[in-house]
Amino acid sequence: MAKVPVQFTLNGSETAEFIDSGSTLLHALRDKIGDTSPKGGCHQGTCGACSVIIDGELRLSCLTLAENCNGTAITTTSGLSEGGVLHPLQRAFLDAFASQCGFCTPGMIMAAKVLLDHTPNPSRDEVVQALSGNICRCTGYEPIIQAVLLAARANSQNAA
Amino acid sequence: MELRKNYFADVRKDDLHEIGQDRPRSDSPGHVTGKTSFFADRNFPGMLHLKMVRSPHHHARIRSIDTSEAEKHPGVARVLTAKDVPHNVYTILILIQVGPEDETVLADGKVRFKGEAVVAVLADTERAAQEAAAKVKVDYEVLPAVFDMEEALKPGAPLVNEYHGQNYYLYDSGECRKVRFGDVEAGFAEADHILEQSYQSSPIEHAPTETTGCVVAPAGNDRFTCYTNTQAMFFTLDNTSIILQMPGSKLHFVGGTVGGGFGGKVDVIVEPIAILGAKLTGRPVSFIYSREEEMQISSPRAAEKVVIKDGVMKDGRIVARKVTGYTDAGAYSRHSPYGAQKGAGHYPGPYTIPNVWIDTYCVYTNRTPSSAMRGFGVTIGDFALEVQMDKLARLIGMDPLEFRFINAYRDGDMKAHRQPTEGAALIECMQEASRAADWPVAEKYMAMSSYAKGA
Amino acid sequence: MAIKRGRGVAAINYPTGMNLGGDPTQALVHSTPTGNFMVTLSSVDLGQGMKQIMAQICAETIGVPTDRVVVDTADTDTGPHCMGTFASRGTHRAGNAVIQAAKEARQVMLEVAAEELEVNASDLETDGLGNILVKGAPQKAISIFDVALSAHFKRGRSISGRGMFLIPRSYPEKETGAMKPSTCYAHACTVAEVEVDDETGEVTVLTVKNVFEIGRALNPKMVEQQLVGGSWMGISHALYETTEPYYPNRDHGGTDFNQYLMPGPGDLAETEIIVLERPSADGPYGAKGPGEMCANPQIPAVANAVFDAVGVRIDTLPITPERILRALRAQAAT
């Protein structure tokens, strides 16, 4: 099968790869580039585990063609911590005991990050709305909602 | 969450350093950074992808299988059928001497549920495997199927599984697991009221966010490393060893964090065929269920039917309880004979009843085999029991919570399966629920204790 | 047509461990040269936190902080046999095996310390912070770091232990069913409050108040995780979930998360969790298995609350709007 080149910025680093035309971004990230933080829970856009951020927007990498991502800036959960210091959302997920099996966690954190980037002090309803495309089977969601609210509070205190 | 330390303080020492402490989870930093390694995060050069050709019929004889077109499809490395599997007919509980072997790794001559695995295709890419699978030609002769448990138990019903010879699991006690305690008919004769009700559930899927699967890599020394999300490492390894007639010493299973189990990953399904593929091709193999396979092909929680007949006195005492439980195993046993039997040990619930009769059946039908799930053998029974308790209370005009206090088991009470009750705490849970929910009950119930009377 | 409110209660118990026993788990514990401890198992962590809990159990038993314990598990080349993670057995079975292994390792550790301090091992105790002290004379002490170094490089001792836990299998008596299903039981009582729209059949669970008795909360935050998630799953089972909506008809089965319904983050009941602890006689530090039972009582509690609200019994799961409307229609017709 013909290979096509893709090139984008992944978590701040220039990244290039040859892929099969028609490959998903999820496949390119996990199986070609080696960033396995996005997870494949359904490969049909219904679980949110593969969520990544493309040019500031939340995207399902299982439904995104990799070749359409040329020239974009992509963020995944594996790229959030800087210099070994956890991102406030990662810290909040730890403190709120918001992960059990952890499979949905990277996607949840992506969805929450896009929310907080646009809405630094969200209401509970806004958090619920932001997480509503992500499935969790372990936690019952409440600890995840609490983690996002906790991260928002931590952010606003840091900003003050 | 609140810990109510005032209950049972006399039997508990709170002098521990590490136990009882909210220590952070050591695995969470990996989860939040995406660094935790799940089985599917392994990728090996030259890895093959396995896709299953599945039965479109609920029950059918296989006249012939033609894999020639599939084998010619670009990228296909190998196509596997029943004859390639060394010990194709198996059952997982054989390890604890619960037989008979009743299921095929790949269908041989017959399929017994829609979605049953018939042919395995291994190819360079998922897409090639999928396309090749579509080229496998299977000629079926469709047979009558049975889906209803009561229909399945009737004489003349289509036989689901020849390895059993009848549409129920044959226990050493006969067609069902039995518990007999006291004299249930005498209890009904004595009762002020009798209530017989029937309860029903449908299959429920575990729906873990991570689907069932494994990645197998030949280790280069005649051993195979299988990265898997099984819930039971050696159980799976040992069953694989039997199915593949391969010494267990050749197998190395690596698990770790599993993306949710809930009982859905204790069947041994993906590992044997993936390892066989790796052995026959010499290449790494990935076999990961699609979301659709997870939802409709992997074992669900069984549908159950529970019939409860109770004799109750006007003063609130239950004097007789007869329970007949039916577990819909689907086409194969997997863990269902165990689950149905577990129900027999669970009824009549956490209540002390002098006359009890229990029959639990494990029934075969032409549907996706059911198996373990969170609350296995108990969850649906508890639904039935506790709705029945509500009905009984209303029948005699009593508060549903008070009615449960009257019948609650306490230390020393003899259970129907003839074990004395130890460590009971139902009464205290109900007392605390009464407070928390502002559901007042008479003071005499708030003064009760699970400790043995007179202790 | 109106929105009607009701509440229901349910009380349950649940056996810990594989029914009828016969389900072994083994554990190995050893120290590194500098007094960290490795627990080796083949048990599987499904997300419930097996690794963390086994570390806390080992730490408590040896007498060191939890962060000095590393758990290596789910590898059949290194870990001794575990029957698996199911039947609420992980903490109970593996925990007991870890305690036995850790006790044996602790005994060797105290013997080495006794030689270094020139006292009897029976006169020593641990402070839980990484030191071994002479009882009644805490100024006479040695760190576990130094004890481990001594064991490895000077005394030629292996600070290690083996653990095994097996409840002998019970075989039910054929005619009477006399048997021993389990050695300990967890308990729960749940009160659910619902609103039912008698025009649409839709049920909203307003609150669930769950009281769980679980033997011992080994790590309360992690217990809370399981109990909150379990309570959610119970409500989900009650109202939403099935792969065959018209069972025994095989059609209309959901194949993805759009068709297979579960409550999302916008559908949550206000959830209260209260935990009681009656330590079990044979549990690790009294623990029972809470992971399965916590998802059971909500189902009948919700069913009973629906009846309390609108006066119809739905005896078939899940309690869908369609079933409620059909029952209301049947009731109105009588």
Side-chain angles (χ1 to χ4, degrees), chain A residues 1 11 20 22-24 27 29-50 52 62 76-81 84 86-87 89-110 134-139 147 151, chain B residues 1 22-45 47 49 74-75 124-128 130-131 204-213 215 229 231 256-265 286 288-295 373-374:
Chain A
M1 192 176 287
N11 297 320
D20 290 337
S23 295
T24 65
H27 173 69
L29 289 173
R30 288 177 54 84
D31 303 328
K32 294 290 178 184
I33 295 162
D35 181 351
T36 56
S37 65
K39 304 298 178 192
C42 71
H43 301 277
Q44 56 190 185
T46 65
C47 80
C50 68
V52 300
C62 79
T76 67
T77 294
S78 66
L80 280 194
S81 55
L86 294 179
H87 184 277
L89 266 166
Q90 293 173 316
R91 184 77 250 163
F93 269 65
L94 286 187
D95 293 342
F97 282 74
S99 290
Q100 287 188 46
C101 81
F103 195 81
C104 76
T105 305
M108 288 283 183
I109 288 178
M110 288 288 95
N134 295 63
I135 299 286
C136 171
R137 189 59 160 157
C138 301
T139 66
Chain B
M1 186 184 87
D22 290 332
R23 301 279 181 245
R25 288 178 63 143
S26 56
D27 53 357
S28 289
H31 293 350
V32 302
T33 54
K35 298 285 193 279
T36 298
S37 188
F38 294 85
F39 84 92
D41 295 339
R42 271 85 173 198
N43 193 6
F44 296 95
M47 189 159 77
H49 298 266
D124 291 340
T125 63
E126 282 186 70
R127 181 173 168 178
Q130 200 81 283
E131 288 167 348
I204 294 173
E205 169 54 33
H206 315 78
T209 47
E210 177 202 51
T211 62
T212 302
V215 171
N229 60 5
Q231 293 180 223
T257 295
V258 173
F262 313 107
K265 292 168 179 168
S286 166
I288 304 175
Y289 270 9
S290 68
R291 178 49 56 187
E292 181 168 355
E293 285 176 308
E294 190 69 32
M295 301 311 254
M373 186 175 180
R374 192 179 203 174

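The figures here come from the full heavy-atom set of this structure, side chains too, leaving out hydrogens, waters and symmetry mates. Bear in mind the structure is a predicted one, so any value in this text is a computation, not a measurement. Each chain gets a letter, A, B and so on, in the order its sequence line appears, and its residues count up from 1.
Here D31(A) contributes atom CG and M47(B) contributes atom CE; the two are 6.5 Å apart, rounded to the nearest 0.5 Å. Taken to the nearest 0.5 Å, the CZ atom of R127(B) stands 9.0 Å off from the OG atom of S23(A). Of the inter-residue distances, the one linking C62(A) atom SG with R291(B) atom CZ reads 11.5 Å to the nearest 0.5 angstrom. With rounding to the nearest 0.5 angstrom, the SG atom of C42(A) is 12.0 Å from the CD atom of E292(B).
Here side chain to side chain donor-acceptor pair (under 3.5 Å) pairs that include residues 40-49 of chain A, with residues two or more places apart or in two chains, number zero. Annotation: salt bridge (charged side-chain N to carboxylate O under 4.0 Å, His left out) contacts involving residues 98-108 of chain A, sequence neighbours excluded, are absent.
Contact tally against chain B (heavy-atom pairs below 4.5 Å) for I135(A), T36(A), D35(A): the top residue is T36(A). Interface summary for chain A: among A207(B), P24(B), S290(B), the most heavy-atom pairs under 4.5 angstrom belong to A207(B). Between chain A and the residues K35(B), H206(B), M295(B), the most heavy-atom pairs under 4.5 angstrom are made by H206(B).
Annotation for P106(A) and G34(B): closest pair CG-CA, 4.2 Å, computed over non-hydrogen atoms. Residues T209(B) and C101(A) come closest through the heavy atom pair OG1-SG, 4.3 Å. R137(A) and M373(B) get closest at one heavy-atom pair: NH2-CE, 4.0 Å.
Neither the backbone nor the side chain of C47(A) has a heavy atom closer than 4.5 Å to any heavy atom of chain B. Of the atoms belonging to Y289(B), not a single heavy atom falls under 4.5 Å from chain A. If you measure heavy-atom distances from P74(B) to chain A, you find no contacts under 4.5 Å at all.
A side chain to side chain contact (heavy atoms under 4.5 Å, CB included) with T33(B) is found for exactly one of T77(A), L80(A), L86(A), namely L86(A).
Side chain of R30(A) to backbone of N43(B): no donor-acceptor contact under 3.5 angstrom is found.
Residues of residues 90-100 of chain A placed with any heavy atom under 4.5 Å of a heavy atom in chain B are listed by number as Q90(A), F93(A), L94(A), F97(A), S99(A), Q100(A).
Residues satisfying the side-chain contact (heavy atoms from CB on, under 4.5 Å) criterion with T36(B), sequence neighbours excluded, are H31(B), F38(B), T257(B).
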Could you give me the CA-CA distance, side-chain angles and deciding distance for D41(B) and K39(A), then say whether side chain to side chain contact (heavy atoms under 4.5 Å, CB included) is met?
CA-CA 9 Å; D41(B) 295 339; K39(A) 304 298 178 192; 2.8 Å; yes
